[in-house]
Each structure stands twice: as structure tokens, then as C-alpha cells.
A.B. asks: 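One structure is given below, represented as C-alpha cells, and several questions about it will come after.
What you see below is based on every heavy atom in this structure, not just the backbone, and it leaves out hydrogens, waters and symmetry mates. Count residues from 1 along the sequence.
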Amino acid sequence: IRTVGNSQINIKDRRVFEMSIAITLKPRYKTLGEFFNILEEEFPVFLSAENVQMRTSSQDSPGLLNVDLSMKAYLICPEAK
């Protein structure tokens with residue numbers, strides 16, 4: 001976790017921190033869409049997708065995707081006093 005862009009950002013006596021997240025998934029296409037929908041609609045943290053790479057899975061796993069996802073989460077924490 002680090003401050004955003006190596007600089008401190010404060011919002012109403014709170015600090016904003018940036019956390020990098022890397023996830024590797026092996027979902028079906030529909031499940032991937034549902035995952036993104038949950039992140040957008042229900043996840044209580046602001047997320048920004050930095051990079052999404054999707055490839056079809058090998059023949060031993062037909063119908064699945066190999067997905068590498070890089071995101072940034074922005075966390076608002078009380079300012080230490």
C-alpha cells in the first residue's frame with residue numbers, strides 16, 4: 001500500500017492509499033462478466049482496472065478463459081493523529 005502517485009492525498013481528514021492487486025482467474029466468459037459486475041456494483045472499494053489479458057484455455061479445459069487482471073484499489077483511511 002502506498003500513497004497515490006507517491007504523493008499524499010487527504011479528503012476530509014482522511015488519507016487515500018493505493019494498493020496494487022494482481023489476480024489470475026480461470027472462469028467461463030459469463031462468470032467473468034458476473035465477477036466484473038460484482039466489483040463495479042457491490043464491492044465497497046473504488047477499483048481501477050489497469051490491465052486485463054484474456055486467452056482461451058487449452059483443449060483440456062474447453063470453454064474456460066485464462067485471465068490475468070491487474071487492478072488498483074483506492075483505500076480511504078483515517079488520518080493518524
Side-chain angles (χ1 to χ4, degrees):
I1 298 176
R2 66 182 179 93
T3 54
V4 178
N6 294 324
S7 63
Q8 182 174 322
I9 295 178
N10 293 326
I11 300 174
K12 295 184 180 181
D13 298 325
R14 298 181 185 273
R15 283 184 72 184
V16 178
F17 291 91
E18 180 180 80
M19 181 173 64
S20 296
I21 301 170
I23 302 172
T24 299
L25 305 167
K26 198 167 190 171
R28 296 197 180 281
Y29 187 80
K30 180 181 177 184
T31 305
L32 181 63
E34 292 168 351
F35 173 76
F36 282 127
N37 188 49
I38 288 169
L39 290 181
E40 181 180 21
E41 301 291 327
E42 300 176 25
F43 203 66
V45 174
F46 178 76
L47 295 170
S48 172
E50 299 288 307
N51 187 21
V52 179
Q53 295 182 356
M54 294 187 292
R55 299 169 305 285
T56 56
S57 193
S58 63
Q59 292 181 359
D60 53 322
S61 301
L64 297 179
L65 297 170
N66 289 316
V67 179
D68 293 316
L69 174 61
S70 299
M71 300 183 290
K72 297 228 190 245
Y74 295 91
L75 311 170
I76 299 176
C77 303
E79 185 74 60
K81 297 187 184 208

A.B. asks: To the nearest 0.5 Å, what is the distance between CZ (Arg55) and CG (Leu65)?
C.D. replies: 9.5 Å

A.B. asks: Test Ser48 against Glu50 for side-chain hydrogen bond (donor to acceptor under 3.5 Å, both in side chains), laying out the working first.
C.D. replies: CA-CA 6 Å; Ser48 172; Glu50 299 288 307; 3.3 Å; yes

A.B. asks: Side chains of Phe35 and Leu69, heavy atoms from C-beta outward: is any pair under 4.5 Å?
C.D. replies: yes

A.B. asks: Do Leu64 and Arg28 have side chains that get closer than 4.5 Å, going by heavy atoms?
C.D. replies: yes

A.B. asks: Mind checking the OG1-CD spacing from Thr24 to Gln53? Nearest 0.5 Å is all I need.
C.D. replies: 10.0 Å

A.B. asks: Is there a path of hydrophobic side-chain contacts, each under 4.5 Å between heavy atoms of I, L, V, M, F, W or Y residues, that connects Phe43 with Leu32?
C.D. replies: yes

A.B. asks: Crowded around Tyr29 OH? As in, over 12 foreign heavy atoms under 6.0 Å?
C.D. replies: no

A.B. asks: Please check if Met54 and Ile23 belong to a single hydrophobic cluster, counting links between Ile, Leu, Val, Met, Phe, Trp and Tyr side chain heavy atoms closer than 4.5 Å.
C.D. replies: yes

A.B. asks: Would you say that Leu75 contacts Val45 through its side chain, given a criterion of any heavy-atom pair below 4.5 Å between the two side chains?
C.D. replies: yes

A.B. asks: How far apart are the closest heavy atoms of Thr56 and Asn66, and which atoms are they?
C.D. replies: O-ND2, 3.9 Å

A.B. asks: Using a 4.5 Å cut-off on heavy atoms from C-beta on, say whether the side chain of Leu47 contacts that of Ile21.
C.D. replies: yes

A.B. asks: CE of Met19 to CE of Met71: how many Å apart, nearest 0.5 Å?
C.D. replies: 9.0 Å

